[in-house]
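Below is one structure, written out as structure tokens; the observations come after it.
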Amino acid sequence: MRKPLIIGNWKMNNSIAESSLLIEKLKKSLKAIAGVEIVIAPPFTSLFCLSAIIKGSDIKLAAQNIFWEDRGAYTGEVSPLMIVDLGCEYVIIGHSERREYFKESDEIVNKKVRSALRNKVKAVVCVGESIQEREEDKTMQVIESQLRRGLEGLTLNEVKELTIAYEPIWAIGTGRNAAPEQANIVHRYIRRLLTQLFNEEIASGIRILYGGSVKPSNSAELMSEKEIDGFLVGGASLEADSFTQIVMSACMV
Ligand code: 13P
């Protein structure tokens, strides 16, 4: 049985003061919730402060990105060692916004995934098709190529620490989520591919999250699909109330 995982991706939002306020609210509202793993991915600038505030709670931290080298002359970058130092258990890799605005290729995603896992940070690898690719019936082809290249060379032990996030680009920040059944079909395809690339035992243990306009009004229905193991939430994670409701819908499954 895969434990549901809900990740709040705050993207480039919230000052240190705003982050502190929001996490304090979440600590209270999520206190009594069990059976769901809860992770927050604030901007780098808030990680240090949040790691102190969440001590003693069940909330975990993720970074939104990393570089693939441990240290050196890479101005402006943050290494896996540094996010471990900040208390991050997870890191989001290959988000479509990074693929689009920072030209992150599958090869770069692969380097980052390998460096995260080498440093015992759990990688959340994002995949997803554009609207054009979906309309041209290329969804599975795109997902397959992103996964094959992004996960190349991982050992079975490393793969166990992986989470996949299916985020159709056309559903991100648009208010238009994938229909539950539509998402489930892609998730099932991803799990089949993971079985091929690794093995059935590993594939059945990997959590596959859905992301793209998840909100309290659609989360329960999405969560009821067999292959949806949780969410990567953007906009709705910026409000304590909506994020809490989404987490609650996952623990009622
Ligand atoms: P929204 O929930 O705002 O659509 O964002 C999804 C996302 O990109 C999470 O990583």
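A salt bridge links Asp106 with Arg99: the distance from a Lys NZ or Arg NE/NH1/NH2 to an Asp or Glu carboxylate oxygen falls below 4.0 Å. The pair Arg98-Glu104 meets the salt-bridge criterion, with a side-chain N (NZ, NE, NH1 or NH2) lying under 4.0 Å from an Asp/Glu carboxylate O.
Contact detail for Ile228 and Phe231: the closest heavy-atom pair is CG2-CE2, 4.0 Å. In terms of heavy-atom proximity, Leu162 sits nearest to Ile206 at O-CG2, 3.5 Å. Nearest approach of Tyr210 to Ala183, heavy atoms of both residues: CD1-CB, 3.9 Å. Taking all atoms of both residues into account, the shortest heavy-atom contact from Thr195 to Ala203 is OG1-CB, 3.3 Å. Pairing each heavy atom of Pro4 with each of Ala250, the nearest pair is CG-O, 3.9 Å. In this structure, Ile40 and Leu26 approach most closely via the heavy-atom pair CD1-CD1, 3.9 Å.
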**Prompt:** Can you check side-chain contact (heavy atoms from CB on, under 4.5 Å) on Glu77 and Met82, steps first, answer last?
**Reply:** CA-CA 10 Å; Glu77 293 298 319; Met82 292 167 176; over 6 Å; no
**Test log, rule side chain to side chain donor-acceptor pair (under 3.5 Å), inputs His95 and Glu167** = CA-CA 8 Å; His95 192 282; Glu167 297 206 306; 3.0 Å; yes
**Request:** Apply the test side-chain contact (heavy atoms from CB on, under 4.5 Å) to residues Ile208 and Arg191: give CA-CA distance (whole Å), side-chain angles for both, the deciding distance (0.1 Å), then the verdict.
**Result:** CA-CA 8 Å; Ile208 305 174; Arg191 200 170 307 282; 3.6 Å; yes
**Request:** Could you give me the CA-CA distance, side-chain angles and deciding distance for Glu221 and Asn177, then say whether side-chain contact (heavy atoms from CB on, under 4.5 Å) is met?
**Result:** CA-CA 11 Å; Glu221 203 189 344; Asn177 61 288; over 6 Å; no
**Request:** List the steps, then state whether side-chain contact (heavy atoms from CB on, under 4.5 Å) holds for Leu151 with Val159.
**Result:** CA-CA 8 Å; Leu151 306 184; Val159 176; 6.0 Å; no
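Ile169 and Ile7 are assigned to two separate hydrophobic clusters, defined by single-linkage of ILVMFWY side chains at heavy-atom distances under 4.5 Å. Hydrophobic clustering (side-chain heavy atoms under 4.5 Å, transitive across Ile, Leu, Val, Met, Phe, Trp, Tyr) groups Ile164 together with Leu156. Under a hydrophobic-cluster definition in which Ile, Leu, Val, Met, Phe, Trp and Tyr are linked whenever side-chain heavy atoms come within less than 4.5 Å, directly or via other members, Val247 and Leu5 are assigned to different clusters. Both Phe198 and Leu117 belong to a common hydrophobic cluster when Ile, Leu, Val, Met, Phe, Trp and Tyr are linked at side-chain heavy-atom distances under 4.5 angstrom. Hydrophobic cluster membership differs between Val121 and Leu81, with clusters built from Ile, Leu, Val, Met, Phe, Trp and Tyr side chains linked at under 4.5 angstrom.
To the nearest 0.5 Å, atoms NZ (Lys111) and OG (Ser105) are separated by 8.5 Å. The CG atom of Leu22 lies 9.0 Å from the OG atom of Ser29; values are rounded to the nearest 0.5 Å. Note: Ile38 CD1 to Ile246 CD1 = 12.0 Å, rounded to the nearest 0.5 Å. The CD atom of Glu18 sits 13.5 Å away from atom CD1 of Ile23, with the distance rounded to the nearest 0.5 Å. How far CG of Asn119 is from SG of Cys88: 12.5 Å, rounded to the nearest 0.5 Å. Between the OG1 atom of Thr139 and the CD atom of Glu135 there is a distance of 10.0 Å, given to the nearest 0.5 Å.
For Lys27, the NZ atom counts as densely surrounded, since its 6.0 Å shell holds more than 12 non-hydrogen atoms of other residues, nucleotides or ligands. Residue-environment remark: CG (Asn199) exceeds the threshold of 12 foreign heavy atoms within 6.0 Å. The local environment of CD in Glu24 is crowded, with over 12 non-hydrogen atoms from other residues, nucleotides or ligands closer than 6.0 Å. Heavy-atom neighbours of Arg71 CZ from other residues, nucleotides or ligands within 6.0 Å: at or below the threshold of 12. Annotation for Glu239: atom CD does not count as buried by contact number, only 12 or fewer foreign heavy atoms lying within 6.0 Å. Within a 6.0 Å radius of CG in Asp70, other residues, nucleotides and ligands contribute more than 12 heavy atoms. Within 6.0 Å of CD in Glu200 there are 12 or fewer heavy atoms belonging to other residues, nucleotides or ligands.
No side-chain heavy atom of Glu129 sits less than 4.5 Å from a side-chain heavy atom of Val186. Residues Lys112 and Val91 have side chains not in contact (no heavy-atom distance under 4.5 Å, counting atoms from C-beta outward). By the 4.5 Å heavy-atom criterion applied to side chains, Tyr189 and Glu144 are counted as neighbours. Between Ser20 and Ile53, some side-chain heavy-atom pair lies under the 4.5 Å cut-off. A heavy-atom distance below 4.5 Å is not found between the side chains of Val36 and Leu30. Using a 4.5 Å heavy-atom threshold, the side chains of Leu86 and Ser51 count as separate. Phe44 places a side-chain heavy atom less than 4.5 Å from the side chain of Ile83. For the pair Asn65 and Val78, the minimum side-chain heavy-atom distance is 4.5 Å or more.
Side-chain N or O atoms of Gln141 include none that pairs as donor or acceptor with a backbone N or O of Lys138 at under 3.5 Å. Side-chain atoms of Asn9 do not come within 3.5 Å of backbone N or O of Gly234 as any donor-acceptor pair. Under the 3.5 Å distance criterion, the side-chain polar atoms of Glu161 are left unmatched by any main-chain donor or acceptor of Lys120. Judged purely by atom type and a 3.5 angstrom limit, Arg114 has no side-chain atom pairing as donor or acceptor with the backbone of Leu154. The backbone N or O of Glu100 sits less than 3.5 Å from a side-chain atom of Lys103, completing a donor-acceptor pair. Proximity of a side-chain donor or acceptor of Glu227 to a complementary backbone N or O of Asn184 within less than 3.5 Å is not detected. Ser219 places no side-chain N or O within 3.5 Å of a backbone atom of Val214 that could act as its donor or acceptor partner.
Aromatic ring pairs are classed by plane angle as parallel below 30°, tilted from 30° to 60° and perpendicular above 60°; the pair Tyr166 and His187 is perpendicular.
The residue from Ile93, Leu232, Leu209 that alone fulfils the side-chain contact (heavy atoms from CB on, under 4.5 Å) condition with Cys126 is Leu232. A salt bridge (charged side-chain N to carboxylate O under 4.0 Å, His left out) with Glu37 is found for exactly one of Lys60, Arg2, Lys3, namely Lys60.
Pairs passing the ring-ring contact (aromatic ring centres under 6.0 Å, His included) check and including a residue from residues 111-143, sequence neighbours excluded, do not occur. Among pairs with a residue in residues 47-93, those fulfilling ring-ring contact (aromatic ring centres under 6.0 Å, His included) read Phe67-Tyr74, at least two apart in sequence or across chains.
Cluster partners of Val142 are absent, since no Ile, Leu, Val, Met, Phe, Trp or Tyr has side-chain heavy atoms less than 4.5 Å from it.
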